[in-house]
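Nothing fancy with the numbering, it's 1 onward along the sequence.
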Amino acid sequence: MQTLDRTLWPAARLIRRSVAVWRRSLHLRVVLSTLLLSALVTVFVGWILLRQVTDGVLDAKVAASVGEASAGFRTAQSAIDAAEPSGDPSELTTQLAQDIALRGASGGLYDVVLDVLPAVGGSQTVSRSTRATVLPTSVPSDLRAQVRGDKVAYRYTLIRRASGNDVPGLAVGSQLHEPRSGATLNVYYLFDLQQQEETLNLLRRSLVAVGVLIVVLLGCVAWFVTRQVVTPVRLARQVAERLAAGLLDQRMRVRGQDDLARLATSFNQMASSLQRQIRRLEELSRVQRRFVSDVSHELRTPLTTVRMAADVLYEARQDFEPGVARACELLQAELDRFEALLGDLLEISRFDAGAAALELEDLDLRGLVRRVVDGARPIAARKGSRIDLHLPQAPAIAEVDSRRIERVLRNLVINALEYGEGRDVVVRVGGDDETTAVSVRDHGIGLKPGESAMVFERFWRADPARARTTGGTGLGLAIALEDVLLHGGWLQAWGEPGRGAHFRLTLPRTVGEALTHSPIPLVPGGTTEQRLERPRVSAPGAAAGGVG
């Protein structure tokens, strides 16, 4: 079985390559379709033409042969009727019929086969040919059975010769009678159709040659015409690919004033407009990134001064009045939040500038997850939640930047505790030979339909009412997504109102390897969305969730 499979591999690869070429090449599809349709039309028309010509040639030959044979039958019967009586009428009938047949065959236009049927009480039927080269078996048996009375019948047959050189022919038969003795003579004229057969064969060969020539010419015409249309389309595709690659100055060449030329002109105008818009957006984005980066850096100096003053006030809050002491605590908390926001803005600016880099190492994610969970247990205790950790027995090794992945996991766990409504949070680690995954599941407020596609946007919150009371900068999941994309992984979300949310981080074992699946399902069991199985790669600035 394995040997058979190996012999089929080249054929299967050839079929796959042929199908791929067929799907990719519009030029090939049009030319081959034209050739196929042209061949079908040519075969159909050729068949009709050959059928009509064949019927015409054979009908003409049959009419001429039947007419000539009928005249011969009448002449022979008249000769038999006019013969003098003799002592042996059967012998007289046979002799007269043979003489007439031999005279007709002497011209070489036909041969004659005779069946002598004696009168009642006579000897058996005798068959003979007027020429020794023609065998009596040339007469079809169904024609022998059909010849009765004076009716003329014919059949197509194969004229068999003693030399073995059989040729197609036409057998025309009728029955002659000797009125005095009661003897019967069946006469069969054999007309050679070799010339007609050669003519029809020549016609068939001519039709085949002309048909092949027509199909080839139509294929060349289709190739030429299609090339005039497909070539500009291919050029447009190449220019579009270069534009997509960032070469915004690429344009199509405009030739003539036809529809394709106008299409190229419109394409170039669109490309110019896109180039202007993209450059304007790039400049705006560059200014925004520089503004955020500059402001973030400039704010660090006054923030340090304010922090030092706030720390002094916070340490001496016991000596203040209760209202002032509470104000010092709020100031300290808001400064912590402002400092975190400033750090997140600097991190986002590095992502936007493309300056973020990975410091990779092979790491067992079980230890990293355990460290994150242990660090979040005090927050869980304050929220009244319990963190349920599920770790596999086998190591979950992946090539990661431990600082970034730890930041991602810490953000997911803390968010789950913040929005978990005091219920348990489940953290699970899984892996296989190609991927490693960590999931965080809470049973809190959940996500409404469509929010899983928004949860990774910057400054977006699932519950706007909590934005003024819950800590955080609104950039945590956006930064987490950027960290995961740097690793070539997925960060996806699922949720239902009242059933909680489920976030899944999937990483390849080696950075750069393509992800095709995740060892942990995104949609928890028992929900109406369990049918969603294939994951979708997260894109920068867009949600990864919604498909698992």
Side-chain angles (χ1 to χ4, degrees), residues 48-83 90 92-117 125-162 165-180 182-204:
I48 293 178
L49 179 61
L50 182 62
R51 181 71 177 271
Q52 291 179 345
V53 173
T54 301
D55 292 343
V57 170
L58 293 181
D59 290 344
K61 181 63 177 178
V62 167
S65 300
V66 170
E68 187 171 354
S70 299
F73 295 146
R74 289 192 297 270
T75 302
Q77 185 65 55
S78 299
I80 293 174
D81 294 341
S90 176
L92 174 61
T93 302
T94 303
Q95 183 63 39
L96 290 174
Q98 285 183 344
D99 289 343
I100 296 172
L102 287 173
R103 285 196 303 270
S106 62
L109 299 177
Y110 54 82
D111 296 299
V112 178
V113 175
L114 307 172
D115 285 349
V116 180
L117 284 72
T125 302
V126 177
S127 296
R128 63 175 61 90
S129 302
T130 56
R131 287 196 299 183
T133 57
V134 178
L135 301 179
T137 56
S138 300
V139 180
S141 58
D142 58 344
L143 181 61
R144 293 179 187 273
Q146 190 175 359
V147 173
R148 293 289 185 271
D150 57 354
K151 184 175 65 173
V152 177
Y154 69 90
R155 289 285 187 278
Y156 292 107
T157 185
L158 188 65
I159 300 177
R160 305 181 185 277
R161 303 186 186 276
N165 186 20
D166 301 341
V167 295
L170 178 69
V172 182
S174 185
Q175 197 173 70
L176 307 180
H177 301 278
E178 207 286 318
R180 288 175 291 276
T184 303
L185 181 66
N186 290 349
V187 182
Y188 304 97
Y189 284 73
L190 301 177
F191 295 92
D192 190 348
L193 299 181
Q194 182 66 29
Q195 183 178 359
Q196 286 74 17
E197 181 70 18
E198 292 177 355
T199 301
L200 293 177
N201 287 336
L202 177 61
L203 177 62
R204 293 189 187 98

Residue pair [X] / [Y], side-chain heavy-atom distance below 4.5 Å:
| X | Y | value |
| --- | --- | --- |
| Arg204 | Asn201 | yes |
| Val172 | Glu68 | no |
| Arg51 | Asp55 | yes |

Is there a donor-acceptor contact under 3.5 Å from the side chain of Ser138 to the main chain of Leu135? yes

Looking only at heavy atoms, which two atoms of [X] and [Y] are closest? And how far apart?
| X | Y | value |
| --- | --- | --- |
| Arg160 | Asp166 | CA-OD1, 3.3 Å |
| Leu158 | Val167 | CD1-O, 3.4 Å |
| Ser174 | Val147 | C-CG1, 3.5 Å |
| Glu197 | Pro168 | CB-CG, 4.1 Å |
| Leu50 | Leu203 | CD1-CD2, 3.7 Å |

Gln195, CD atom: more than 12 neighbouring heavy atoms under 6.0 Å: no

Which value, rounded to the nearest 0.5 Å, describes the distance between [X] atom [atom1] and [Y] atom [atom2]?
| X | Y | atom1 | atom2 | answer |
| --- | --- | --- | --- | --- |
| Gln194 | Gln196 | CD | CD | 9.5 Å |
| Ile159 | Phe191 | CD1 | CZ | 9.5 Å |
| Leu193 | Lys61 | CG | NZ | 6.5 Å |

Would you call the rings of Tyr156 and Tyr154 parallel, tilted or perpendicular, where under 30° means parallel and over 60° means perpendicular? perpendicular

Verdict with supporting geometry, Thr157 and Val139, side-chain contact (heavy atoms from CB on, under 4.5 Å): CA-CA 7 Å; Thr157 185; Val139 180; over 6 Å; no

With a distance cut-off below 6.0 Å to the six-membered ring centre and an angular limit of 45° from the axis, does Arg155 pair with Tyr188 as a cation-pi contact? no

